[in-house]
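Counting from 1, the numbers follow the sequence of the chain as shown.
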Amino acid sequence: MLQVNELAKALNTTADTVRYYARLGLITATKSANGYKLFNSEQQARLRFILSARQLGFSVADISDILDKADCGQSACPTVRKLIEQRLLEVEEKIKHMQQLHQKMTLALETWQDQQDQLPDGEHICHLIGSFQQ
């Protein structure tokens with residue numbers, strides 16, 4: 001049985017992270033006679049799974065669904081496949097938007113490089129942003 005800090009250290013995470021997932025009910029602790037929260041090896045494995053799933057981009061809600069299936073004795077694999085496909089599409093969309101933003105920022109920087117600084121006027125706080133058009 002491990003205390004919060006020991007579990008955090010064993011899994012290379014923070015005590016706050018352990019407490020967060022315990023507060024959400026994704027992992028459960030027993031209380032010792034002196035009031036310390038203790039986690040058994042099953043909960044340690046469960047937290048290791050949660051941390052791995054988060055590293056793969058699964059949301060807390062996704063992980064909760066996966067754990068619910070597993071807790072009911074069902075295979076979570078079909079759910080995991082479906083969710084990772086969804087998360088991958090979301091990441092691809094974010095990458096696309098970030099590439100577009102990168103292009104805009106690059107163009108803005110190139111456009112503004114040789115422009116004179118100006119004081120704010122009634123129309124623009126910063127004329128660079130106010131006049132930028134793509």
Side-chain angles (χ1 to χ4, degrees):
M1 300 285 272
L2 299 174
Q3 293 179 10
V4 170
N5 287 327
E6 295 168 329
L7 179 57
K9 186 175 181 179
L11 296 181
N12 198 28
T13 191
T14 66
D16 285 341
T17 298
V18 174
R19 289 185 194 100
Y20 173 71
Y21 291 119
R23 200 169 40 252
L24 292 177
L26 297 180
I27 57 173
T28 55
T30 57
K31 286 221 177 181
S32 67
N34 57 6
Y36 288 113
K37 290 182 179 180
L38 299 174
F39 297 88
N40 62 23
S41 60
E42 182 181 326
Q43 295 306 306
Q44 182 176 352
R46 195 171 170 100
L47 182 57
R48 184 178 299 109
F49 169 81
I50 292 167
L51 296 172
S52 295
R54 293 293 286 154
Q55 288 286 319
L56 282 167
F58 289 96
S59 70
V60 171
D62 294 340
I63 294 167
S64 181
D65 290 345
I66 294 164
L67 291 172
D68 286 346
K69 290 220 183 311
D71 291 344
C72 291
Q74 300 173 2
S75 172
C77 295
T79 300
V80 167
R81 284 187 197 97
K82 184 181 91 176
L83 288 170
I84 199 75
E85 286 176 8
Q86 292 171 352
R87 297 301 156 258
L88 183 59
L89 290 173
E90 291 168 4
V91 167
E92 288 170 350
E93 190 65 25
K94 286 179 185 177
I95 290 169
K96 178 180 156 190
H97 288 295
M98 293 302 291
Q99 288 172 331
Q100 291 170 347
L101 178 58
H102 180 267
Q103 290 173 346
K104 283 182 186 179
M105 293 171 79
T106 301
L107 179 60
L109 185 59
E110 290 170 1
T111 302
W112 297 341
Q113 208 65 31
D114 296 324
Q115 290 186 7
Q116 296 282 328
D117 294 346
Q118 293 181 12
L119 296 173
D121 58 27
E123 203 172 314
H124 297 104
I125 294 172
C126 175
H127 77 96
L128 299 175
I129 295 172
S131 65
F132 183 72
Q133 294 179 8
Q134 184 181 350

**Request:** Calculate, to the nearest 0.5 Å, the distance between atoms CD1 and CZ belonging to Ile66 and Phe49 respectively.
**Result:** 4.5 Å
**Asked** Between Tyr20 and Thr14, is a side-chain contact (heavy atoms from CB on, under 4.5 Å) present by the stated rule, with each step listed?
**Response** CA-CA 10 Å; Tyr20 173 71; Thr14 66; over 6 Å; no
**Request:** Spell out, yes or no, whether Leu7 and Leu67 are grouped together once hydrophobic residues are joined by side-chain heavy atoms under 4.5 Å, including indirect joins.
**Result:** yes
**Request:** Using a 4.5 Å cut-off on heavy atoms from C-beta on, say whether the side chain of Leu11 contacts that of Thr17.
**Result:** no
**Asked** Same cluster for Val18 and Leu24 if Ile/Leu/Val/Met/Phe/Trp/Tyr side chains link at under 4.5 Å?
**Response** yes
**Asked** Quick one: does His127's side chain have a donor or acceptor within less than 3.5 Å of a partner on Gln116's backbone?
**Response** yes
**Prompt:** Should we count CG of Asp114 as having more than 12 external heavy atoms under 6.0 Å?
**Reply:** no
**Asked** Tell me the salt bridge (charged side-chain N to carboxylate O under 4.0 Å, His left out) pairs involving residues 68-82, sequence neighbours left out?
**Response** Arg46-Asp71
**Complete:** When rounded to the nearest 0.5 Å, the distance separating NZ of Lys94 from CG of Leu101 is 14.5 Å
**Complete:** When rounded to the nearest 0.5 Å, the distance separating CG of Leu56 from CG of Leu83 is 11.5 Å
**Fill in**
One should read off an interatomic distance between Gln118 CD and His124 NE2, to the nearest 0.5 angstrom, of 9.0 Å
**Request:** Quick one: list whatever passes side-chain contact (heavy atoms from CB on, under 4.5 Å) with Leu119, sequence neighbours left out.
**Result:** none
**Request:** Evaluate whether atom CD1 of Ile129 has more than 12 neighbouring non-hydrogen atoms of other residues, nucleotides or ligands under 6.0 angstrom away.
**Result:** no
**Request:** Decide yes or no for Phe39 and Leu47: does some side-chain heavy atom of the first lie under 4.5 Å from some side-chain heavy atom of the second?
**Result:** no
**Message:** Can you tell me if His97 has over 12 outside heavy atoms packed within less than 6.0 Å of its NE2?
**Reply:** yes
**Inter-residue atom distance Lys104.NZ - Thr111.OG1, 0.5 Å rounding** = 13.0 Å
**Item:** Residue pairs, two or more places apart or on separate chains, that pass salt bridge (charged side-chain N to carboxylate O under 4.0 Å, His left out) and touch residues 11-23
**Value:** Asp16-Arg19
**Asked** Are Phe58 and Ile84 close enough that some pair of their side-chain heavy atoms sits under 4.5 Å apart?
**Response** yes
**Request:** If a pair satisfies salt bridge (charged side-chain N to carboxylate O under 4.0 Å, His left out) and one of its residues is in residues 35-45, list it, with sequence neighbours excluded.
**Result:** none
**Prompt:** What pair of heavy atoms forms the shortest contact from Asn5 to Ala15, and how long is it?
**Reply:** OD1-CB, 3.2 Å
**Asked** Do Gln3 and Leu38 have side chains that get closer than 4.5 Å, going by heavy atoms?
**Response** yes
**Prompt:** Heavy-atom count around Leu109 CG within 6.0 Å, excluding the residue itself: above 12?
**Reply:** yes
**Prompt:** Which pairs count as salt bridge (charged side-chain N to carboxylate O under 4.0 Å, His left out) when at least one residue sits in residues 52-65, sequence neighbours excluded?
**Reply:** Asp62-Arg87
**Request:** Kindly write out the residues that satisfy side-chain contact (heavy atoms from CB on, under 4.5 Å) with Ser75, not counting sequence neighbours, or none if the list is empty.
**Result:** Cys77, Pro78
**Request:** Just do the side-chain contact (heavy atoms from CB on, under 4.5 Å) check on Leu51 and Asn12 with the steps written out, would you?
**Result:** CA-CA 10 Å; Leu51 296 172; Asn12 198 28; over 6 Å; no
**Asked** Could you give the distance from NZ (Lys96) to CD (Glu92), rounded to the nearest 0.5 Å?
**Response** 11.0 Å
**Message:** With clusters defined by side-chain heavy atoms of hydrophobic residues (ILVMFWY) lying less than 4.5 Å apart, directly or transitively, does Val80 cluster with Leu88?
**Reply:** no
